[in-house]
There are 2 protein chains.
Amino acid sequence: MQPAGKGLVSAEKGADRLAPVARPRAAAAEEERLIEAIELLFFSYRDFTSDPDTILEEIGFGRAHHRVVHFVGRNPGITVAALLDILRITKQSLARVLREVIERGYLVQQTGEKDRRQRRLYLTEAGAELWERLVAPQRERVRKALAASGPGGETAWREVMFSLLDEAQRPEAEKIIIKEP
Amino acid sequence: MQPAGKGLVSAEKGADRLAPVARPRAAAAEEERLIEAIELLFFSYRDFTSDPDTILEEIGFGRAHHRVVHFVGRNPGITVAALLDILRITKQSLARVLREVIERGYLVQQTGEKDRRQRRLYLTEAGAELWERLVAPQRERVRKALAASGPGGETAWREVMFSLLDEAQRPEAEKIIIKEP
DNA sequence: AAAATATGTCAACATGGCTGACATAAATTT
DNA sequence: AAATTTATGTCAGCCATGTTGACATATTTT
């Protein structure tokens, strides 16, 4: 299902090439285009987070719990320090959420084998189930969206999204996101 | 500055076409790709909001203030009801933020001409200046990111972002985002 | 033995959401 | 003209999730 032909998805760079020159039209048009992109990002991200929000509400969890479940699910045995690095919150903030997720049986801690100061985090079966429930609609939403763009659309989308990252943080983000077997 | 050749931006659909068939590799690989996209969205959005956050902190405002300034700046004379529609928060939540933004002189209310129940919202000069300060780095970030993708990248990116919206809300989002002259 | 590290915890506070109840003025309907 | 609906504002209290600062414990490293 392609989006409507005209509006948001056109953005031909030289569309008003034939307009009168005197007006500062080119700059203004680019600015308009960019602001549209900014708002598109805002609205898309909001809808993107809405599916899990519904599920979370049922079980009395919030987005913070979601993030913990997700990144522990994705990185089994992750240390608390590494999780803090990803989430960029204080350990006190994490502690509260972590306690709740553990108390409710979605997550367990295991003392690190090599370094016994570490508390490595793992999802329980219930946690894995919850993660799947939460990630499924997002995956489906993203799958459809990527499929809706033409060939090469996914690569282009990723390029843009990746370039939106702070340059300094791209290597680390890549490390976190990509799992090589 | 193109992202590193291998990692995030490859995603050729048939990359492992030649791999052994027995393993359920195709489905797993797609799942992996989609989860990477989900996390990319998460990290990119976080960095995307980080520039304004810095400025906002200086002046003791939060993201809520930003959103109000932005959408009033973008829609001069918008009514409170319309703003609530965009932000999808309660009027009590908006009221607090609105009051602060008005008290500090960034925004004014004007009784509607046709409907005198309405309080139409406008940025003051200080408000317009603030908006420009806030939007400038985001615009620049998005400009660079879109430019970093190949030709047609912007259109593809928009298609995907637009398709991430709830289908039911696409027409309204389009109405809000696009300003026709 | 001392220092550094990984983690946990207590307490207090801020932001920005929420619900519920009620108030006012203006427009619309009857 | 009266009744109703609409647009907005406001009070009060609650919740989720972030913050800072201080301190405690176990373990590893120096």
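A note on names: the letters A, B, ... follow the listed sequences, proteins ahead of strands, and every chain is numbered from 1.
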B:H66 NE2 - C:dG16 P separation (whole Å): 13 Å

Value in whole Å for how far the P atom of D:dT29 lies from NZ of A:K114: 10 Å

A:R74/B:E32 ion pair, N-O < 4.0 Å: yes

For atom CG of A:L84 and atom P of C:dT5, their distance in whole Å: 16 Å

Below 4.0 Å: OP1/OP2 of C:dA25 and any side-chain N or O of B:R117: no

Short side-chain N/O contact from B:R116 to OP1 or OP2 of C:dA26, under 4.0 Å: yes

Minimum-distance nucleotide (side-chain atoms of A:A64 versus D:dG18, D:dT27, C:dG8): D:dG18

Touch class at under 4.0 angstrom, heavy-atom based, for A:R96 against every strand present: base

Side-chain donor-acceptor contact under 3.5 Å, B:R120 with B:T79: no

Salt-bridge present (A:K179, B:E39; N to O < 4.0 Å): no

Atom-pair distance (CG on B:D85; P on D:dA7), nearest Å: 11 Å

Most 5' of B:R67 and A:R99 on DNA chain C, judged by nearest nucleotide: A:R99

Nearest-angstrom distance from the residue atom NZ of B:K91 to C1' of C:dG16: 18 Å

Nearest to side-chain heavy atoms of A:Q109, which nucleotide of D:dG18, C:dG8, D:dT8: C:dG8

Length of the line joining B:Q118:CD and C:dA25:C1', which is rounded to integer Å: 13 Å

B:Q92 vs C:dG20: side-chain N/O to OP1/OP2 distance below 4.0 Å: no

Note: A:K175-A:E172 ion pair, threshold 4.0 Å (strictly below): no

Pairwise 5' ranking along DNA chain D for A:G60 and A:D115, keeping only the more 5' one: A:G60

Phosphate OP1/OP2 of C:dG16: any B:H65 side-chain N/O under 4.0 Å: yes

Parallel, tilted or perpendicular, as decided by the 30° and 60° cut-offs, for the rings of A:F61 and A:Y106: perpendicular

Sugar-phosphate, base or nothing in reach of B:E57, heavy atoms under 4.0 Å: nothing

Nucleotide D:dT8, atom P - distance to CZ of B:R120 in whole Å: 9 Å

Whole-Å gap separating P (C:dG8) and CD (A:E103): 13 Å

A:S93 side chain near D:dT19 phosphate (N/O to OP1/OP2, under 4.0 Å): yes

